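Computed from a predicted model, the values in this text were never measured in an experiment.
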Amino acid sequence: MLTAIILTLDEASNLPACLESLDWVDEKLVFDSGSRDSTCDIAREHGARVVQRRFDNYAAQRNAALVETQSEWVLFVDADERVTPPLAREMRGAINDRHVVGWWLPRHNYIFDKLTLYAGWYPDYQLRLFRPECAHYDSEQHVHELLRIKGMTAKLREPIIHQNYATIPEFIERQRRYSRYEADILYRQGVRARLHNFVLQPVRQFFWRYVSLSGWRMGGHGLLLSTLMAYSQWVLYRDLAGVGTNSALES
């Protein structure tokens with residue numbers, strides 16, 4: 001049995017197409033963290049089981065979702081992702097391989113309505129299809145979750161479709177949200193923001209995205225994305241400095 005799990009919060013606009021692309025799975029589980037729109041109603045209309053849990057962090061949310069299913073295999077899909085028929089067929093065949101406990105999916109990211117194949121956004125492998133008895137998410141990795149898995153993993157060929165950032169303001173806001181989580185993690189690891197970080201880290205990020213990962217191949221699109229990611233690094237170290245300041249004030 002294969003269960004597809006979708007974490008949601010106010011995903012009414014994205015969820016219908018996502019669930020329709022998952023009609024081939026044995027069970028659809030929408031794990032919601034308190035949506036105020038019609039997300040849960042849409043989920044039920046598409047035959048999904050809905051479980052609600054207050055959100056604390058992404059790793060904890062995914063681990064809690066795993067507890068809600070007894071399936072032999074699970075597939076995590078974001079609400080803004082779509083599983084194509086070729087990928088569905090490949091996954092159906094893959095879970096019959098008894099030697100592999102986890103499968104990495106390549107991902108096609110559409111950013112500002114453009115398929116983004118450079119600057120680090122492809123193949124963008126995601127470990128999403130796995131046997132839950134062999135895996136759990138690292139509780140210390142609150143964002144960009146890290147799956148700890150025991151056993152052999154392999155890679156699929158067909159990509160999952162990710163309808164990623166639609167606008168620049170959405171990109172900036174989501175990166176700001178991620179940076180707050182990452183800053184907390186870095187601070188707990190003993191990392192502190194230094195003055196040179198505010199210059200060197202954004203420059204390194206830009207060079208890595210635009211040059212090393214061939215963002216230049218996408219023209220203005222690659223330049224824009226590399227610049228936005230450099231700015232996100234500056235925000236990360238600003239937030240890291242803020243964590244330190246707030247901790248000092250509290251003490």
Note to self: I'd like to check the salt bridge (charged side-chain N to carboxylate O under 4.0 Å, His left out) partners of R174; sequence neighbours left out, ordered by chain and number.
What the structure shows: E170
Item checked: Validation row, ring centre Y122 to ring centre H108 under 6.0 Å -> yes
Notebook entry, point to check: By side chain to side chain donor-acceptor pair (under 3.5 Å), which residues pair with R157, not counting sequence neighbours?
Noted result: none
Checklist line | Residues forming a side-chain contact (heavy atoms from CB on, under 4.5 Å) with I172, sequence neighbours excluded | finding: I168, R176, L228, Y231
Next item on the list: Apply side chain to side chain donor-acceptor pair (under 3.5 Å) to T153 and list each qualifying residue two or more places apart in sequence or on a separate chain.
Entry: W104
Note to self: Once salt bridge (charged side-chain N to carboxylate O under 4.0 Å, His left out) is applied, do any residues pair with R180, and if so which ones, sequence neighbours excluded?
What the structure shows: none
Item checked: With sequence neighbours excluded, residues passing salt bridge (charged side-chain N to carboxylate O under 4.0 Å, His left out) with E81 -> R107, R128
Checklist line | Where at least one partner belongs to residues 18-48, residue pairs that pass ring pair (Phe, Tyr, Trp, His ring centres under 6.0 Å), sequence neighbours excluded | finding: none
Notebook entry, point to check: Just by distance, with hydrogens left out, do N63 and H136 show a side-chain donor and acceptor under 3.5 Å apart?
Noted result: no
Notebook entry, point to check: Taking only residues two or more places apart in sequence or in another chain, which ones pass salt bridge (charged side-chain N to carboxylate O under 4.0 Å, His left out) with D41?
Noted result: R44
Checklist line | Partner residues of H196 under the side-chain contact (heavy atoms from CB on, under 4.5 Å) criterion, sequence neighbours left out | finding: R194, L200
Checklist line | side-chain contact (heavy atoms from CB on, under 4.5 Å) partners of S21, counting only residues at least two apart | finding: R82, V83
Notebook entry, point to check: Who pairs with Y137 by side chain to side chain donor-acceptor pair (under 3.5 Å), at least two apart in sequence or on another chain?
Noted result: none
Note to self: Please enumerate all residues that pass side chain to side chain donor-acceptor pair (under 3.5 Å) together with S226, with sequence neighbours excluded.
What the structure shows: none
Checklist line | Test item: side-chain donor near acceptor, N164 and H162, under 3.5 Å | finding: yes
Note to self: Between the side chains of K28 and D23, is the shortest nitrogen-to-carboxylate-oxygen separation below 4.0 Å, so that they form an ion pair?
What the structure shows: yes
